[in-house]
Amino acid sequence: MPVKPETRPSFCLDHACVRAWLTERDPAVLEDLWAEADRVRQAHVGDAVHLRGLIEVSSHCIRHCLYCGLRAPSEGLERYRMTADEILACAQEAVALGYGSVVLQGGEDPGLTRDGVADIVRALKRDTPLAVTLSLGERDDEDLLAWRKAGADRYLLRFETSDPILYRRIHPNRSGVLSDRFAQLRRMRRMGYEIGSGVMVGIPGQTWDALADDILRFRELDLDMIGIGPFLPSPRTPLGDSHADAFLAEPEDQVPNDELTTLKAVALTRLACPDANIPSTTALATLDRERGRELGLMRGANVVMPNVTPLRYRIHYEIYPGKACLNETAVACQGCLAGRIQALGRTVGTGPGGRNQTHCKDLTSCDFHH
Ligand code: SAH
């Protein structure tokens, strides 16, 4: 039976409406959401898909996050830290492949020192035209300021979940230091960084209400970049072992870590934040190797982050197992992605691909319905 229009959730994007879309299961009704997300994406950020070269600079980590395979207590993992020269060589490869930016991501690693990272950023800005994004976890303001002064343009720090109790459970404080990722995001914005954040979908204990709040929080923070991927259990972690069921919410409340829910979250995020840069994440591609990347791009995303980490290191950066494209060289990835992007009728973006705020800078006057 066709669904009556008045039973469909609207795009008003208050909490109830976002939650209703997240729990919607009727494919015919969801077509409206996909179409609206794609339309808003096209109207606000266009058809270009920006490629960011991801360099996984270190697998050392001092944190004990319950979800992440790189957590300090993980054993049997070979830990590495790339040298400055290795990082610069990767960045040159990204330039050669036509990428406009690189992301230096790593565990929270004190071995990545303030001066060491600043020197690398300075060299990147001196020798390449790349926009430089850092994603090195929770760092103090002196580090963040030094890196910004060295020329770093952007910083990615997912808040993982807006539910404070769940966050505290899955992301223990470092001894004596309260983890407040929202505060760090605000401070980085004041330092002049473009700021990115995001969440995992389907963390054990994550409820529909919490995921709806996450999306509303993206809008409130006026984020420049937003990464959303499914939670993928790692057997090296407490959330990936056979006892993880104890963390789950009640069945009717628990968000599943599946592709459909992730795509709904991506689409709603595009509606809530029309001009943000939103990647179709590797975690989504890992869940659905055939179509994950494309479906993300068709349902709101406009960025992909191909891995340019040397293969010999990449296999050790095991946040979760079975990562998509793990053995693809940077060149192969570039060719594969360019083909997939063109097959969607989209184009490969050129230049740094920063946030374009000509539309909707003032959220109160932003109308994504028209
Ligand atoms: N140390 C940095 C970078 C972490 S890796 C930081 O903490 O910010 C980047 C992202 O990978 C994390 O923010 C998290 O959202 C995601 N991630 C970690 N473990 C994951 C898992 N098991 N499944 C899916 N995504 C995961």
Side-chain angles (χ1 to χ4, degrees), residues 52 54-74 77 79 81 103-112 117 133-139 143-144 154-163 166-167 170-174 177 179-182 184-185 188 193 195-206 211 214 218 223 225-241 244 247 255-259 261-262 265-266 279-288 292 296 305 307 309 314 316-324:
R52 327 281 201 202
L54 177 66
I55 310 177
E56 294 158 335
V57 295
S58 169
S59 68
H60 291 274
C61 190
I62 56 169
R63 304 301 292 247
H64 289 235
C65 305
L66 269 61
Y67 46 87
C68 182
L70 297 183
R71 65 200 303 268
S74 275
L77 202 68
R79 306 278 182 170
R81 184 180 302 118
V103 180
L104 273 48
Q105 189 186 79
E108 219 167 285
D109 175 12
L112 294 171
V117 174
T133 303
L134 300 176
S135 181
L136 303 173
E138 291 162 57
R139 303 287 303 222
D143 293 348
L144 298 167
R154 309 173 185 155
Y155 203 101
L156 300 177
L157 184 73
R158 290 189 179 178
F159 60 76
E160 316 294 1
T161 171
S162 59
D163 174 344
L166 179 59
Y167 181 69
I170 64 170
H171 190 91
N173 287 323
R174 202 148 43 97
V177 191
S179 169
D180 186 344
R181 290 190 162 204
F182 294 113
Q184 182 174 327
L185 286 165
M188 292 191 298
Y193 281 100
I195 54 166
S197 195
V199 297
M200 289 172 284
V201 171
I203 309 164
Q206 184 183 48
L211 184 56
D214 293 344
F218 295 153
L223 295 170
M225 303 165 285
I226 306 165
I228 300 166
F231 163 71
L232 300 171
S234 160
R236 300 179 184 281
T237 67
L239 291 185
D241 73 18
F247 291 91
V255 172
N257 58 338
D258 63 13
E259 182 176 37
T261 312
T262 305
V266 168
S280 181
T281 56
T282 304
L284 182 59
T286 299
L287 209 54
D288 175 359
M305 293 163 64
N307 203 327
T309 313
R314 218 189 277 184
H316 303 303
Y317 196 81
E318 202 195 280
I319 292 176
Y320 49 78
K323 207 186 272 179

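All values below were derived from every heavy atom in this structure, side-chain atoms included, with hydrogens, water molecules and symmetry-related copies excluded. As the structure lists them, so they are numbered: ligands from 1, and atoms in each ligand from 1.
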For this session: Determine, considering heavy atoms only, which of Gly229, Cys61, Gly106, Ser58 sits nearest to atom 2 (C) of ligand 1.
Result: Gly106
For this session: Nearest heavy atom to atom 6 (C) of ligand 1 wins, so pick from Arg139, Arg71, Arg158, Arg181.
Result: Arg181
For this session: Answer yes if the side chains of Thr309 and Asn307 hold a donor-acceptor pair under 3.5 Å, and no otherwise.
Result: yes
For this session: Report yes or no: do Ser179 and Asn173 form a side-chain donor-acceptor pair below 3.5 Å?
Result: no
Starting from [atom], which protein heavy atom do you reach first, and at what distance in Å?
atom                    : result
atom 20 (C) of ligand 1 : Ile319 CG2, 3.4 Å
atom 9 (C) of ligand 1  : Gln105 NE2, 3.5 Å
atom 25 (N) of ligand 1 : Met200 SD, 3.5 Å

Exercise. Is any side-chain N of the basic residue among Arg174 and Glu138 closer than 4.0 Å to the acidic one's carboxylate O?
Worked result: no
Exercise. Of all heavy-atom pairs between Glu160 and Val199, which one has the smallest distance, and what is that distance?
Worked result: O-CB, 3.3 Å
For this session: Work out which heavy atom in Val103 is nearest to a heavy atom in Met305; give both atom names and the distance.
Result: CG2-CE, 4.0 Å
For this session: Could you list the atoms of ligand 1 found under 4.0 angstrom from a heavy atom of Cys68?
Result: 19 (N)
Exercise. If you count the atoms of ligand 1 from 1 in the order shown, which ones are under 4.0 Å from a heavy atom of Leu232?
Worked result: 21 (C), 22 (N), 23 (N), 24 (C)
Exercise. Is it the side chain (CB and beyond), the backbone, both or neither of Tyr67 that lies under 4.0 Å from ligand 1, heavy atoms counted?
Worked result: both
Problem set entry | Short N or O distance, Glu160 and ligand 1, threshold 3.5 Å exclusive | yes
For this session: Evaluate the ring planes of Phe159 and Phe218, with Trp represented by its six-membered ring, and classify them as parallel (under 30°), tilted (30 to 60°) or perpendicular (over 60°).
Result: tilted
Seminar exercise, completed: CG of Leu70 to CD of Glu108, rounded to nearest 0.5 Å, is 12.0 Å
Exercise. Is there a heavy atom in Pro230 that sits closer than 4.0 Å to ligand 1?
Worked result: yes
